[in-house]
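For reference, the structure I am asking about is given below.
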Amino acid sequence: MTANLHHVVLTVTDIEASVRWYTDLFGFAELAREEHFGGSGGRTVLLGAADWSMGIGLASHPTNGGETFDPSRTGLDHVGFTVADRAALEEWEARMSDQGIKHSPISDHDWGSSLNFRDPDDMQLQLVAFRQS
C-alpha cells in the first residue's frame with residue numbers, strides 16, 4: 001500500500017499577495033477558497049493543477065503574528081517541485097531573475113540538479129530536475 005503527496009498547505013501573512021505570487025510564478029489555477037472550520041476567522045485558498053492532481057494551499061490564521069519563516073524550527077523545511085530537466089531549471093532561473101525573485105544558483109548533485117528560492121514570506125522552495133538515465 002502506498003500513498004502519494006497530493007497537497008501541502010502553507011500559512012502566509014498576506015493571503016491575497018501570496019495567491020498572486022504563486023499563480024503568477026507557477027501558473028496555478030485557483031481550485032477552492034474556504035473559511036476554516038469552527039468559525040476561527042481563517043481561510044485557505046487551494047491552488048494547483050486544473051485536474052486537482054496536485055495542490056498547494058495558502059492559509060491565513062487570525063492568530064498569525066506575522067513572524068518570518070524559519071526552516072530550522074520543527075515543522076516545514078522547504079517544499080520541492082519537479083521540472084523536466086536541467087534546461088528547464090535554467091529557464092526557471094532566468095524567469096526568477098527577471099521577476100526579481102531571490103534564488104540560489106543551480107546546484108548539481110549525483111541525483112540531478114536543484115534551484116532554491118523564497119516566497120513572499122521567505123518560505124524556502126525548491127525546483128528539482130532528476131538526472132535522466
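Numbers here simply count residues along the sequence, with the first being 1. Computed over heavy atoms, backbone and side chain alike; hydrogens, waters and symmetry mates excluded.
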inquiry  = Applying ring-ring contact (aromatic ring centres under 6.0 Å, His included), can you list everything that pairs with His6, at least two apart in sequence or on another chain?
reply    = none
message = I need the single residue from Asp119, Asn116, Asp77 that forms a side-chain hydrogen bond (donor to acceptor under 3.5 Å, both in side chains) with Gln124. Which is it?
response = Asp77
key: Leu25 vs Phe117 side-chain heavy atoms within contact, under 4.5 Å   = yes
message = Within this structure, what is the CG-CG distance for the pair Leu115 and Leu89, rounded to the nearest 0.5 Å?
response = 6.0 Å
Listed partners of Trp21 passing ring-ring contact (aromatic ring centres under 6.0 Å, His included), at least two apart = none
query = If you take all heavy atoms of Ile15 and Ser60, which pair is closest and at what distance?
reply = CD1-N, 4.0 Å
task = Identify, with sequence neighbours excluded, every residue that meets side-chain contact (heavy atoms from CB on, under 4.5 Å) alongside Ser107.
result = His109, Ser114
request  = Please tell me if the side chains of Thr23 and Glu30 come closer than 4.5 Å, counting only heavy atoms from C-beta onward.
outcome  = no
key: Under 3.5 Å: donor-acceptor pair, side chain of Asp121, backbone of Met123   = no
inquiry  = Do Met96 and Leu127 make a side-chain contact, defined as non-hydrogen atoms from C-beta onward lying under 4.5 Å apart?
reply    = yes
task = Decide yes or no for Asp122 and Lys102: does some side-chain heavy atom of the first lie under 4.5 Å from some side-chain heavy atom of the second?
result = yes
ask   = So which pairs with a foot in residues 5-16 pass salt bridge (charged side-chain N to carboxylate O under 4.0 Å, His left out), sequence neighbours left out?
value = Glu16-Arg33, Glu16-Arg43
inquiry  = On a heavy-atom basis, which atom in Gly42 and which in Glu35 lie closest, and how many Å separate them?
reply    = O-OE1, 3.3 Å
ask   = In Å and rounded to the nearest 0.5 Å, what is the CD1 to CD distance from Ile106 to Glu90?
value = 5.0 Å
ask   = Linking Ile, Leu, Val, Met, Phe, Trp and Tyr by side-chain heavy atoms under 4.5 Å, what else ends up with Val128?
value = Trp111, Phe130
Any side-chain heavy-atom pair of Phe28 and Met54 under 4.5 Å = yes
task = Kindly compute the distance separating CG (Leu31) from CG (Leu47), expressed to the nearest 0.5 Å.
result = 7.0 Å
request  = Answer yes or no: is there a side-chain heavy-atom contact under 4.5 Å between Val12 and Pro120?
outcome  = no
ask   = What is the distance from atom CG of Asp85 to atom CZ of Arg131, rounded to the nearest 0.5 Å?
value = 12.0 Å
remark   = Applying side-chain contact (heavy atoms from CB on, under 4.5 Å) to Val79 and not counting sequence neighbours gives Val8, Leu10, Leu76, Phe81, Leu125
task = Side-chain contact test, heavy atoms from C-beta onward, threshold under 4.5 Å: evaluate it for Trp52 versus Leu46 and give yes or no.
result = yes
